[in-house]
Amino acid sequence: MHAASRPPWQGYAAALGVVCIWTGFILISRWGGKSPLTGYDVLALRLGAASLLLLPFCRDLPRTVWRERRLWTLAAIGGVLYGVVVYTAFKYAPAAHGAILLPGMQPFLVTALLWLALGERPTRSRLIGLTGIALGVLCVALPLLQAGDWRTLPGDALMLVASLTWAVYSVLVRQWAFSPWVLTRFVALGSALLYLPVYALWLPKGLAEASATQLITQALYQGIGPTIIAMWLFLLAVQQLGAARTGALIGLVPVLAGLAAVPLLGEPLTASLLLGLCAVSAGAWYAARPGRVA
């Protein structure tokens, strides 16, 4: 079925799947960041597991895709650059900061890039929705900022770079319109071909100091969840809903990750977190309503 003929609910279902997986991605990545594993290790585990799992499904990839420069560009941006920056950031910044600065910034960055690069001005309703998301993100962020722990500043800066990198990737995916399944397989395999030789030869490693549980969890979750399932669902959502609307829905991740951190990381459930959940949820729904230009 062609993307344009799919019912809209499929795009929203795909985006919801991405929200769930990326919420877990933030928590598990921070868990890996607190372990002896380096950010380079986590990315190597992610790409190694994903490429091994996808290899049997790549026999039907046309040979021409390996000569497509745009696909290699997407692999370099969305697979290698984003992975190196984001996993390094989680060595220095907590999960709550990652939830705010990664998916929380996506609606604004994607909308800004679409406006600047493609001249797509946001509609009035989308601006209203983005305002709600902004208020919700601020509700979650302000208590963290008031704590005044500037030791996380390097990690926060890397989080912002990673968020911008993913926003660029999102807009390019939307502009170049490759098949989600083709792009999912190519980004995983292409990223592995670009990154793993460099990692093996030159980058620092902490694999020997990490537990078997850490190695298996990071390889399986990062390799299957964000790299394969969430990547395919994300591309499907962008293809069906557009980059801006998908980015608005991704704005739900910060507060969901914040709520999940209560039982998993022992963080308190505060009034500001609950208020942020309501504001971000309402803003994401309003900005992503059917019938609006993506």
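FYI, the numbering just counts along the sequence from 1.
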| Working for side-chain contact (heavy atoms from CB on, under 4.5 Å), residues L189 and W66 | CA-CA 10 Å; L189 290 171; W66 301 103; 4.2 Å; yes

| request: Would you please test F178 and L74 for side-chain contact (heavy atoms from CB on, under 4.5 Å) and show each step? | output: CA-CA 11 Å; F178 289 104; L74 292 173; 4.0 Å; yes

| said: Using the rule given for side-chain contact (heavy atoms from CB on, under 4.5 Å), can you reason through T38 versus T88, listing the C-alpha separation, both sets of side-chain angles and the distance that settles it, and then say yes or no? | reply: CA-CA 7 Å; T38 68; T88 302; over 6 Å; no

| task | Take F90 and W31 through the ring pair (Phe, Tyr, Trp, His ring centres under 6.0 Å) test and state the conclusion after the steps. | result | CA-CA 8 Å; F90 275 116; W31 182 52; over 10 Å; no

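In this structure, the separation between SG on C139 and CG on L274 is 10.5 Å, given to the nearest 0.5 Å. Between the CG atom in L153 and the CG atom in D156 there is a gap of 6.0 Å [rounded to 0.5 Å]. Here the CG atom belonging to L207 is positioned 4.0 Å from the CG atom belonging to D41, to the nearest 0.5 angstrom. Taken from CG in L183 to CG in L236, the straight-line distance is 12.0 Å, to the nearest 0.5 Å. Between atom CG of residue L43 and atom CG of residue L203 there is a gap of 9.5 Å, rounded to the nearest 0.5 Å. I228 contributes atom CD1, which lies 10.0 Å from atom CZ of R46 (distance to the nearest 0.5 angstrom).
In plain terms, the two heavy atoms of V86 and A162 that are nearest each other are CB-CB, 4.0 Å. Here the shortest heavy-atom pairing between S191 and G79 reads OG-CA, 3.2 Å. Closest approach of T227 to A188, counting heavy atoms only: CG2-CB, 4.1 Å. Here the closest heavy-atom approach between residue A210 and residue L215 is recorded as CB-CD2, 4.1 Å. G136 and V280 make their closest contact through CA-CG2, 3.4 Å (heavy atoms, listed as atom of the first residue, atom of the second, distance). Closest heavy-atom contact between M159 and A93: CE-CB, 4.0 Å.
Using a 4.5 Å heavy-atom threshold, the side chains of L45 and Q222 count as separate. Here the side chains of S29 and V42 are not in contact, with every heavy-atom distance at 4.5 Å or above. Proximity of I224 to I229: side-chain heavy atoms (C-beta onward) are separated by under 4.5 Å at one or more points. When side chains are defined from C-beta on, I77 does not count as touching Y82, because their heavy atoms never get closer than 4.5 Å. Proximity of V187 to Y169: side-chain heavy atoms (C-beta onward) are separated by under 4.5 Å at one or more points.
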Would you list the atom pairs, donor with acceptor, under 3.5 Å between side chains in residues 51-62 and any protein atom, with sequence neighbours excluded?
{"unit_1": "S51", "atom_1": "OG", "unit_2": "L47", "atom_2": "O", "d": "2.8"}
{"unit_1": "S51", "atom_1": "OG", "unit_2": "G48", "atom_2": "O", "d": "3.0"}
{"unit_1": "D60", "atom_1": "OD1", "unit_2": "R185", "atom_2": "NH1", "d": "2.7"}

Under 3.5 Å donor-acceptor pairs involving side-chain atoms of residues 101-114, not counting sequence neighbours:
{"unit_1": "Q106", "atom_1": "NE2", "unit_2": "S163", "atom_2": "O", "d": "2.8"}
{"unit_1": "Q106", "atom_1": "NE2", "unit_2": "S163", "atom_2": "OG", "d": "2.9"}
{"unit_1": "T111", "atom_1": "OG1", "unit_2": "P107", "atom_2": "O", "d": "2.7"}

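Ring pair F234/W166: centre-to-centre distance below 6.0 Å. Between F25 and W22, a ring centre-to-centre spacing not shorter than 6.0 Å is recorded.
For E209, there are no salt bridge (charged side-chain N to carboxylate O under 4.0 Å, His left out) partners at least two apart in sequence or on another chain.
W176 and V238 fall within the same hydrophobic cluster, where Ile, Leu, Val, Met, Phe, Trp and Tyr residues are linked whenever their side-chain heavy atoms come under 4.5 Å apart, directly or through other members. Follow the hydrophobic side-chain contacts under 4.5 Å out from I21 and you reach W181 in the same cluster.
Taking the ring axis of Y199 as reference, the NZ or CZ atom of K205 stays within 45° of it and closer than 6.0 Å to the ring centre.
Remark: side-chain polar atoms of K91 are paired, donor with acceptor, to backbone N or O of L37 under 3.5 angstrom. A side-chain donor-acceptor contact under 3.5 Å links T123 to the backbone of R126. Judged by distance alone, the side chain of Y195 and the main-chain N or O of Y40 form a donor-acceptor pair under 3.5 Å. Between the side chain of Q175 and the backbone N or O of L118, no donor-acceptor pair lies under 3.5 Å. Of the possible polar contacts, none joining the Y92 side chain to the L158 backbone as a donor-acceptor pair under 3.5 Å is found.
Salt-bridge annotation for E120 and R174: present, with a side-chain N of the basic residue lying under 4.0 Å from a carboxylate O of the acidic one.
Between F186 and W72, the ring-plane angle classifies as perpendicular under the 30° and 60° cut-offs.
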